[in-house]
Amino acid sequence: MTSTRPFARLLFAAALSAIAVLMPMRPAHANDYSDVWITQGEGGWGVSILQWGNTMFASFFVYGPDSKPTWYVAVMSWDGVSKYSGTLYAERGTYFALPWVPSDQIETVAGTALFQPSALNNFQGQLIYTVNNGASVITVQKAVERLTVVSVPLAGTYFGGQSGAYSGCTTSANNTTYFDHYKLVVTQTSTTASLNFQFTSNLTCTISGTVSQNGQLYSLNAASYLCSNQLDTTAFVSDLKITAQGIEGVLIAPNVGGACREDARFSAVRN
């Protein structure tokens, strides 16, 4: 591990590990599925999801038996295991060209809704909803994915922090957590992206490779992961996205030396 592990980070992490035993474990961060979700090849309908912690509000723009636009909404809650589920509502209200009349709003329970994210990534999932249609119940099940509307520029200079952990190490003492501060310079082409981390410890690391976009999220699969301490390995970056203030993402490096795996989350504000 002397030549392939970020040595400056190891020293910092070792210092933190002594403190960590005195502190409670922090809860895992929830994934954010806020986006527009569609079924590939079925244009004209979809579901817009807004998420607050463990609660989702979903707006369905679908079509009724008469092929005319039909409006449903759902409030779904995380079950703590694998899915969000809740009640589906049908909505009616004042014609949009007229002044709003509160008494025109009619909200009725229409059925149920369920969203199950993929276990493999954060840009695919299963949508199942039921609609009570008189004496019958209609069940719709769709494979859905995030809708990509336009390319979102990632390039820029950022300043932030990275929180991570090493696990599976041959030397058990190296199984530890760390936290780093850095300057991050991101460059981007139509098909590639490069993330250059300049840590305050004077360590520099660059992750670069082919980039793919799914809705708001970018990912780099099997990207080059090179550091100034001779680390030369492969990393995967997922959930890379622009935020209101900067950028954030998730890093996984299956082997950073000594059989260690690195898992980290990073976030930074734009300069």
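- Between the side chain of Tyr63 and the backbone N or O of Gly44 there is at least one donor-acceptor pair closer than 3.5 Å.
- For the residue pair Asn175/Ser167, the side-chain donor-acceptor check at 3.5 Å is not satisfied.
- The shortest distance between side-chain heavy atoms of His181 and Phe179 falls below 4.5 Å.
- A donor atom on one side chain and an acceptor atom on the other are found under 3.5 Å apart for Gln198 and Asn196.
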**Message:** I'd like to know whether Tyr72 forms a ring pair (Phe, Tyr, Trp, His ring centres under 6.0 Å) with Tyr129, so could you lay out the CA-CA distance, the side-chain angles of the two residues, the decisive distance to 0.1 Å, and finally the verdict.
**Reply:** CA-CA 10 Å; Tyr72 293 111; Tyr129 61 100; 7.0 Å; no
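- Taking a cutoff of 4.0 Å between a charged side-chain nitrogen and a carboxylate oxygen, Glu42 and Lys142 qualify as a salt bridge.
- Pairing each heavy atom of Tyr84 with each of Asn31, the nearest pair is OH-O, 4.3 Å.
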**Request:** Just do the salt bridge (Lys or Arg N to Asp or Glu O under 4.0 Å) check on Lys241 and Asp239 with the steps written out, would you?
**Result:** CA-CA 6 Å; Lys241 64 179 291 188; Asp239 298 357; over 6 Å; no
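- Counting only heavy atoms from C-beta outward, the side chains of Val185 and Tyr158 never approach each other to under 4.5 Å.
- Side-chain atoms of Thr130 and Thr139 include no donor-acceptor pair closer than 3.5 Å.
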**Prompt:** Taking it one step at a time, do Tyr33 and Phe115 satisfy ring pair (Phe, Tyr, Trp, His ring centres under 6.0 Å)?
**Reply:** CA-CA 10 Å; Tyr33 298 102; Phe115 175 73; 5.7 Å; yes
**Request:** For side-chain contact (heavy atoms from CB on, under 4.5 Å), just list the numbers for Phe57 and Val73, CA-CA rounded to whole Å, side-chain angles, deciding distance to a tenth of an Å, and then say yes or no.
**Result:** CA-CA 7 Å; Phe57 179 84; Val73 300; 3.8 Å; yes
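- Between the side chains of Thr94 and Asp104, at least one donor N or O lies within less than 3.5 Å of an accepting N or O.
- Looking at Tyr178 and Glu262, their side chains do bring a donor and an acceptor atom within 3.5 Å of each other.
- Looking at heavy atoms from C-beta onward, Thr55 lies in side-chain contact with Val75 at the 4.5 angstrom threshold.
- Interatomic distance, CD1 of Ile252 versus OH of Tyr225, reported as 12.0 Å (0.5 Å rounding).
- Crowding of Gln245 atom CD: a count of heavy atoms from other residues, nucleotides or ligands under 6.0 Å not exceeding 12.
- Of all non-hydrogen atoms in Asn174 and Cys260, the two that sit nearest each other are CB-SG, 4.3 Å.
- Not counting sequence neighbours, the partners of Asn132 by the side chain to side chain contact (heavy atoms under 4.5 Å, CB included) test are Val137.
- Judged purely by atom type and a 3.5 angstrom limit, Thr189 uses its side chain to pair as donor or acceptor with the backbone of Thr191.
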What donor-acceptor contacts under 3.5 angstrom involve side-chain atoms of residues 209-217, with partners at least two apart or in another chain?
{"residue": "Ser212", "atom": "OG", "partner": "Ser219", "partner atom": "OG", "Å": "2.8"}
{"residue": "Gln213", "atom": "OE1", "partner": "Tyr218", "partner atom": "OH", "Å": "3.2"}
{"residue": "Gln213", "atom": "NE2", "partner": "Val150", "partner atom": "O", "Å": "2.9"}
{"residue": "Gln213", "atom": "NE2", "partner": "Gly215", "partner atom": "O", "Å": "3.0"}
{"residue": "Gln216", "atom": "NE2", "partner": "Ser34", "partner atom": "O", "Å": "2.8"}

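- With contacts defined as side-chain heavy-atom distances shorter than 4.5 Å, the pair Tyr182/Thr200 does not qualify.
- The backbone N or O of Gly246 lies less than 3.5 Å from a partner atom in the side chain of Thr243, making a donor-acceptor pair.
- The side-chain heavy atoms of Val144 and Gln124, taken from C-beta on, include no pair separated by under 4.5 Å.
- Between Ala90 and Ala110, the closest heavy-atom pair is N-CB, 3.9 Å.
- Between Phe61 and Ser48, some side-chain heavy-atom pair lies under the 4.5 Å cut-off.
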